[in-house]
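Below is one structure; the comments refer to it alone.
Order of the sequence lines sets the chain letters (A, B, ...), proteins ahead of strands, with each chain counted from 1. Atom set for the values below is all heavy atoms of this structure, side chains included, hydrogens, waters and symmetry mates excluded.
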There are 2 protein chains.
Amino acid sequence: MAELHEHNTATLLRSAGRRVTNARLHVAHVLQHHNGHMTASVVLAGVAEADAHIDQSTVYRVLADLRDSGLVAESRFGAGEASYEWVAGSNHHHLHCVECGETVPLDGELVSDFSSKVLESHGFETDTTHMVLNGVCAKCRGGSTTFSGS
Amino acid sequence: MAELHEHNTATLLRSAGRRVTNARLHVAHVLQHHNGHMTASVVLAGVAEADAHIDQSTVYRVLADLRDSGLVAESRFGAGEASYEWVAGSNHHHLHCVECGETVPLDGELVSDFSSKVLESHGFETDTTHMVLNGVCAKCRGGSTTFSGS
DNA sequence: TTTCTTATTGCGAATCTTTGCAGGAACGAT
DNA sequence: ATCGTTCCTGCAAAGATTCGCAATAAGAAA
C-alpha cells in the first residue's frame, strides 16, 4: 500500500519531468499522510523524523518544485505562514475564515464559472487549480447557516 | 501636498484604531509615492533613506498592521516574495501573468458577482478588497489553448 | 499642561528561508 | 552493467522575517 503510493508518486514525478529521488518521495509521503494543510515547519519535522539525513534546504527546494509541478498547493491564509497540501492536480478551493480559522471547501463550479467569465472578458486564462479566499464564515457572521458541509 | 497626504494618512490610521507614529507615516509615505507593487526590501530601503533611525523590524511590523488595517494590500505573485501596495480601502484586483510577469487590472464587477454567489451558496462573506489571480494573459496565450498547472 | 495607560519602537537574538557550490545520484544511452 | 550528462542534494553561510523585552511616545483624562 505504501508501495502503491510510492509508485503513484514516482509516476507523477516523472510525468512532471522530475527525477524520482529519496527526498522527494519522503516529502510527498509526509504530505500525503497528513490531512489538510501543513506549514513548512511541520513538513520539515515530518521529513526529519522519517530520514534525519535530509537537509532542510532540500525540503524547501522540494516543496517549491512540487508546487511548480502542480503536485502540491501552497496557500497563504492571510497573514500567516505558507501552508502546503498534496493535491496532485485535483482542483479544489478553500474558504478560510479569518475569525475562527476554519477552512471549508468551496464549490468548484462557482470558481470555474467565474474563471470562464474572466477568460471571456479579459482573454486571460486564470490558473484556478487551488484558490484560497479569506473572509468570514456563516457561523461567525451569526447569520443563516445554509452550508451543509462535505 | 505632502501635508495633505500626511493629513489623510493620519486620519486613516486613526480611524483604523492605530496611533499616528513617525514610523507609520514614513512607511505610508514610501508606499504612496511609489507606483505599483513594492517588495518588502524596497520599502525597507525607502524608509531607511528617509529616516535611517527606523528599525527593520519596525518596518515589517508596520507593514503587517497596515495590511491588517486594510490600508495596504499584500500580494503574493505565485512563488515570488510578497509585495505591498498602498490601497486605503479601495477595491481593486489583479490578473498576474506568470509568463510575461505583467499585471493587469480585473473588472471589479466580475469579482463582486462571484463574491455574492459565494455568499449565497456558502453563507460565506469573502473579503475581496484585493484579489490576485495568476494565469496567462491574452498576449502570451497566443496560439496554444492548453494551460497546464503552474 | 501634567499624568496615566498602553500601543509602539529599537535592539539584539532567534528563527525561518534561500543561495552558491562541489560531490553524489538518477536515468538514458552504450 | 557501465558511462556520461544533468539534475539533485548536503553543507555552510547569507539573507529575510519574527520575537522578547525594556524604554519610549501617543492619545485620553484630569
Report task. Go through the N and O atoms of the side chain of Arg19(A) and the base of dC7(D), and report whether any donor-acceptor pair is under 3.5 Å. Result -> yes
Query - His53(A) side chain, from C-beta outward: closest of dC11(C), dT9(C), dC11(D) - result: dC11(D)
Query raised in the report: Is there a donor in the side chain of Ser83(B) and an acceptor in the side chain of Thr39(B), or the other way round, less than 3.5 Å apart?
Result: no
Query raised in the report: Once you round it to whole Å, what is the distance between C1' of dT17(D) and CG of Asp55(B)?
Result: 12 Å
Report task. Side chain of Ser57(A) only, please: which of dC19(D), dA16(D), dA12(D) is the nearest? Result -> dA12(D)
Query raised in the report: Expressed in angstrom and rounded to an integer, what is the separation of Asp51(A) atom CG from dT9(D) atom P?
Result: 12 Å
Query - Nearest-nucleotide 5' precedence on DNA chain D, Ala40(B) against Arg18(B) - result: Ala40(B)
Report task. Could you check how far OH of Tyr60(A) sits from P of dT9(D), rounded to whole Å? Result -> 16 Å
Query raised in the report: Is there a donor and acceptor pair, one atom on the side chain of Thr58(A) and one on the base of dC8(D), closer than 3.5 Å?
Result: no
Requested in this report: Give one of base, sugar-phosphate or nothing for Arg61(A), where a contact means two heavy atoms less than 4.0 Å apart.
Outcome: base
Query raised in the report: Looking across every strand, which nucleic acid part, if any, lies under 4.0 Å from Ile54(B) by heavy atom: base, sugar-phosphate, or nothing?
Result: sugar-phosphate
**Report entry** N/O (side chain, Arg24(B)) to phosphate O (OP1/OP2, dA7(C)) under 4.0 Å
**Finding:** no
Query raised in the report: Hey, which of Val72(A), Ile54(A), Val47(A) is the one that makes side chain to side chain contact (heavy atoms under 4.5 Å, CB included) with Val27(A)?
Result: Val47(A)
Query raised in the report: Between Arg14(A) and dC27(C), does any side-chain N or O lie under 4.0 Å from OP1 or OP2?
Result: yes
Requested in this report: Tell me whether the OP1 or OP2 atom of dA7(C) has a side-chain N or O from Thr21(B) closer than 4.0 Å.
Outcome: no
Query raised in the report: Under 3.5 Å, is there a donor-acceptor pair linking the side chains of Asp127(B) and Thr129(B)?
Result: yes
Requested in this report: Would you mind checking if Arg24(B) and Asp65(B) are paired as a salt bridge, meaning a charged N to carboxylate O distance below 4.0 Å?
Outcome: yes
